[in-house]
Amino acid sequence: MSVHSEFKKVTTKVLLDMKARGEKISMLTAYDYTMATIIDQAGMEIILVGDSASNVMAGNATTLPITLDQMIYHAQCVVRGAKRAHVVVDLPFGSYQASKEEAIRSAMRILKESGADSVKMEGGEEIIESVKGIVNAGVPVMGHLGLMPQSINQYGSYALRAKEDAEAQKLINDAKLLEAAGCYSLVLEKIPAALAKKVAESVHIPVIGIGAGNGVDGQVLVMHDMLGLNQGFSPKFLRRYANLFEVMTEALQHYISDVKSGDFPNENESY
Ligand code: KIV
């Protein structure tokens with residue numbers, strides 16, 4: 001089903017209205033033009049140009065190595081394919097932590113050079129002045145709390161976050177601070193479902209979960225994971241909607257065998 005022509009562009013106001021109406025928000029990552037076109041035409045409300053590009057596109061073990069220039073390149077490709085979906089782009093590690101001024105400059109570069117709609121950044125109280133500065137500069141910000149992959153070297157693992165009371169309380173406080181700082185939305189990654197529900201009920205902005213249960217306002221997954229393009233990554237929260245690794249392997253092996261047997265190309269495929 002293509003819903004492409006039936007709807008207007010998804011703005012931050014559309015997303016806030018969806019939360020107010022109790023309508024769930026669908027969000028998925030994309031990093032290139034072709035996939036963004038398919039995802040947009042399928043009717044997804046938000047496309048995230050995630051710094052998970054560092055893992056799934058570049059083959060790095062973490063999100064840390066990807067640069068601002070590389071994120072802008074991926075965002076440019078996605079924006080060309082996303083006519084309706086809201087496009088949000090991760091500010092990569094090292095592009096916003098050093099100072100408020102650097103954060104504002106990085107966020108403005110993303111919108112100016114890619115045409116994306118907003119930026120996402122990991123952190124709460126510790127980045128709040130930067131969030132305010134970016135919002136005041138006219139760039140909508142999506143927050144990201146819970147498991148924050150850019151802090152993997154501090155955590156030491158990708159395990160569930162905020163199990164203990166102190167971390168859960170800080171997370172609730174951070175969510176409220178991000179809302180007060182002007183964030184239009186918030187991602188919660190890999191935290192207990194009851195805590196995520198509590199956060200979603202204590203703020204007016206849409207809360208999008210990944211591994212955060214069903215009590216939030218929407219869900220996000222990494223496209224390669226949900227389409228089964230990669231193997232060997234099966235966290236409990238992941239639902240695979242296809243096994244494209246197998247589908248593609250079969251098609252590729254069919255092609256190899258047709259080339260080797262001389263079956264491809266046939267007369268109709270020749271000039
Ligand atoms: O980079 C990313 O893909 C993300 C999602 C996991 C939310 O931040």
Side-chain angles (χ1 to χ4, degrees), residues 15 24-32 35-36 39 44-68 70-75 77-78 82 85-97 106-107 110 114 116-124 127 131 141-152 155 157-162 171 175 178 183-191 196 199-200 205-213 216-227 229-230 233-240:
L15 297 167
K24 296 264 187 181
I25 296 167
S26 57
M27 170 163 153
L28 192 66
T29 66
Y31 318 96
D32 70 319
M35 293 308 301
I39 294 167
M44 202 76 60
E45 277 94 18
I46 307 179
I47 298 181
L48 167 64
V49 184
D51 57 1
S52 49
S54 177
N55 307 101
V56 296
M57 300 302 289
N60 292 312
T62 72
T63 58
L64 273 64
I66 199 159
T67 66
L68 183 58
Q70 288 165 341
M71 288 302 297
I72 289 172
Y73 169 74
H74 286 296
C77 301
V78 167
H86 183 93
V87 178
V88 53
V89 183
D90 266 329
L91 276 172
F93 179 71
S95 73
Y96 64 97
Q97 291 89 347
S106 299
I110 288 182
S114 75
D117 302 304
S118 64
V119 300
K120 176 164 85 57
M121 47 206 295
E122 298 180 6
I127 59 159
V131 172
V141 176
M142 177 183 274
H144 184 149
L145 297 172
L147 176 63
M148 295 180 280
Q150 291 179 12
S151 302
I152 181 60
Y155 299 150
S157 92
Y158 289 101
L160 187 72
R161 303 300 311 179
L171 191 144
L178 288 170
C183 281
Y184 73 90
S185 178
L186 178 61
V187 164
L188 293 182
E189 181 164 356
K190 218 167 174 188
I191 62 168
V199 173
I205 55 175
V207 174
I208 315 288
I210 173 165
V216 289
D217 307 305
Q219 299 293 330
V220 57
L221 286 174
V222 171
M223 180 251 296
H224 288 64
D225 301 339
M226 66 86 79
L227 291 179
L229 274 163
N230 46 21
F233 180 66
S234 314
K236 181 179 173 183
F237 68 78
L238 175 63
R239 186 178 294 182
R240 281 195 199 284

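As the structure is a prediction and not an experimental result, all values here were calculated from the model. Note that ligands are numbered from 1 as they come in the structure, with each ligand's atoms numbered from 1 the same way.
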Check: Asn55 side chain, Ala61 main-chain N or O, donor-acceptor pair, under 3.5 Å: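 It does hold such a pair.
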Donor-acceptor under 3.5 Å (Ser185 side chain, Pro206 main chain):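 Looks like yes, one N/O pair under 3.5 Å.
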Met71 vs Ser114, side chain to side chain contact (heavy atoms under 4.5 Å, CB included): CA-CA, chis, key distance, verdict: CA-CA 9 Å; Met71 288 302 297; Ser114 75; over 6 Å; no
Show the atoms of ligand 1 that are less than 4.0 angstrom away from any heavy atom in [X].
| X | value |
| --- | --- |
| Thr29 | 3 (O) |
| Ile210 | 6 (C) |
| Asp90 | 1 (O), 2 (C), 8 (O) |

Pairing residues for Tyr184 by the ring pair (Phe, Tyr, Trp, His ring centres under 6.0 Å) criterion, not counting sequence neighbours: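 So Tyr184 forms a ring pair (Phe, Tyr, Trp, His ring centres under 6.0 Å) with His86.
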Working for side chain to side chain contact (heavy atoms under 4.5 Å, CB included), residues Met27 and Ile210: CA-CA 10 Å; Met27 170 163 153; Ile210 173 165; over 6 Å; no
Contact with ligand 1 for Lys120, non-hydrogen, under 4.0 angstrom: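 Contact check Lys120 vs ligand 1: positive.
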Within-shell test, His144 vs ligand 1, heavy atom, strictly < 4.0 Å: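 In this structure, His144 qualifies as a contact of ligand 1 - some heavy atom is under 4.0 Å.
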Proximity to ligand 1 by part of Val222, non-hydrogen separation under 4.0 Å: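 The side chain, only.
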Ligand 1 versus Thr63: contacting region, heavy-atom distance under 4.0 Å: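 Within the 4.0 Å criterion, Thr63 makes no contact with ligand 1.
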Validation row: Gln150, Gln97 side chains within 4.5 angstrom (heavy atoms):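 A side-chain contact under 4.5 Å exists here.
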Leu48 side chain near Val187 side chain, heavy-atom distance below 4.5 Å: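 Contact flag for Leu48/Val187 side chains = no.
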Shortest reach to atom 2 (C) of ligand 1 by a heavy atom, considering only Gly146, Ser52, Pro92: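 Nearest option to atom 2 (C) of ligand 1, by heavy atoms: Ser52.
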From Val89, Leu48, Asp51 - option closest to atom 4 (C) of ligand 1 by heavy atom: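 Looking at heavy atoms only, the winner is Leu48.
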Test of proximity, Glu189 against ligand 1: N or O pairs below 3.5 Å: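 Looking only at distances, the answer is no, because the N/O contact criterion of under 3.5 Å is not met.
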Distance-only N or O hit between ligand 1 and Tyr31, under 3.5 Å: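 So ligand 1 has no N or O lying under 3.5 Å from an N or O of Tyr31.
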Tyr73 atom OH, neighbour heavy-atom count above 12 within 6.0 Å: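 Incorrect, the count does not exceed 12.
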